[in-house]
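Right, one structure below, let's go through it.
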Amino acid sequence: MHSMANSLTISILVFLLCVSADGARQVPYTINTNNGRFLSCLNSDVGICKSMVETQGYSCEEHTVTTTDGYILSLQRIPAGRSGVTADKPPVLLQHGVFSDATTWLVNTPDQSLGFILADNGYDVWLANTRGTKYSSGHTSLSPSDPAYWNWSWDELAAYDLPASVQYVYDQTGQNLHYVGHSLGTLMALAAFSKQQSLNMIRSAALLSPIAYLDQITTLLGKAAAYSMIGDALYWLGIDEFLPGGEAVTNFMNGICNITNIDCSSEFSLTSVVAGPPCCISPSTMDAVAKYGPQPTATKNMLHLAQMVRQGTIAMYDYGSEDDNNEHYGQPTPPVYNMSSILNDLPLFLAHGGQDYLSDPADVQTLMGALSDHDADKLLVLYPEEYAHLDFTLAGNANQVVYDPIMGFFSLN
């Protein structure tokens, strides 16, 4: 594997060196640094409420919250069902995965999309968008064209974004909330919960395609990207924003696909190779996902995920040397997130699929082992054998397979 990694690294650098470092997206942003309020991104697109929620007949509110490190995040609230009846059940915060935003909970029809289903069943629905995504690109002093804007990984998403969103929903509603995360949204929660962050405001957590350990992933493309030092290569070229569809990332992915002889000719084939073959996602849903486009993330975040694959640990970002780690952490190795530190009486719902290449069943079993002391009546596991990574948010039958059990779980907590 290491010889393959070396050849991949050399080939990737050749591909990337043919691309200028300004292949990353450059978009003008307007920010009022006096009070930290996001004014605009000089983009004519309307927000998620107007483009995706109100068009389906639901009321919707746009909110913003500023993290303690200055990122201005957008949240959408669906306070009532399509009937207009105001929510009479607790708030639910939905947190998307990497390369996505809150639209992932809304792209299917109202009777197939978790955001709408929860609202129609009386829940006060809140949709989170992590830093760097289209509608959470504001900052009190930086713009996405500044390299410093992208100096974060999922460490910061767990330490700042999740607590800010949870606190905001709690402050607005005065109620403890249920949490639903998918993929990276589960990693954020597990990392935060292992440090007892925000737990005093959490009723329960439903984690779909849970990510904690990644060293047994079965996706060849994912392994190749991780072991080829993807983040290192892009960092060396000064590309701080990892933008799917951007010139630099497209050239990189084409290189990986060519070298590994993997068919990446279509979005569906690429999705299947990376995340597992979805069983139940319609072509129209894939078209809707493509319409809203993949969202950018930090190259540092991708490097951190690659470290998890290579090292088999769930730990903070590794700066690469004992001296640098000492400077950041006061110790030569990154601190570990201890999954067994999660409170044993926190109600957890874990759902993972047999065809998932990223939340691999073997890695999920490692997580289950770390949670072996969890109260048996507070841990529910759902395992649809036919489901791959994206089925949990996009499958046409997820309303019966996943979402009905989630609401049953919520009703008990």
For the residue pair [X] and [Y], categorise the inter-ring angle as parallel (less than 30°), tilted (30 to 60°) or perpendicular (more than 60°).
X	Y	result
H182	W105	perpendicular
F409	F349	tilted
H352	Y383	tilted
W126	H63	tilted
Y329	Y319	tilted

Please examine the side chains of [Y] and [X], heavy atoms only from C-beta on, and report whether any two atoms are closer than 4.5 Å.
X	Y	value
P332	N325	no
T104	L394	yes
Q365	D360	no
L305	W154	yes
T130	L162	no
I217	V309	yes
Y387	F392	yes

So, [X] and [Y]: side-chain donor and acceptor under 3.5 Å apart, yes or no?
X	Y	answer
T285	N108	yes
N301	T297	yes
N326	E322	no
D356	S209	yes
N121	Y403	no

Residue pair R82 / P110: nearest heavy atoms and the distance that separates them: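 Nearest pair, atom of R82 first, then P110: NH1-CG, 3.8 Å.
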For A87 and D124, which heavy atoms make the closest approach, and how far apart are they?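 Answer, listing the atom of A87 first, then D124: CB-N, 3.5 Å.
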Under the salt bridge (charged side-chain N to carboxylate O under 4.0 Å, His left out) rule, what pairs show up with a residue in residues 58-69, not counting sequence neighbours? E61-R77, D69-R131
Lys/Arg cation over aromatic F410: K89, 6.0 Å, 45° cone: no
More than 12 heavy atoms of other residues, nucleotides or ligands under 6.0 Å from OH of Y149: yes or no?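 Enclosed: over 12 neighbouring heavy atoms sit under 6.0 Å from OH of Y149.
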So how far is it from E386 CD to D391 CG, rounded to the nearest 0.5 Å? 7.5 Å
Residue list, disulfide (SG to SG under 2.5 Å) with C279, at least two apart or on another chain: none
Only counting residues at least two apart or in another chain, list the ones meeting disulfide (SG to SG under 2.5 Å) with C280.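 Scan of C280 (disulfide (SG to SG under 2.5 Å), adjacent residues dropped) gives none.
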Under a 3.5 Å distance rule, please check whether T366 uses its side chain to pair with a backbone N or O of A362 as donor and acceptor.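 Present.
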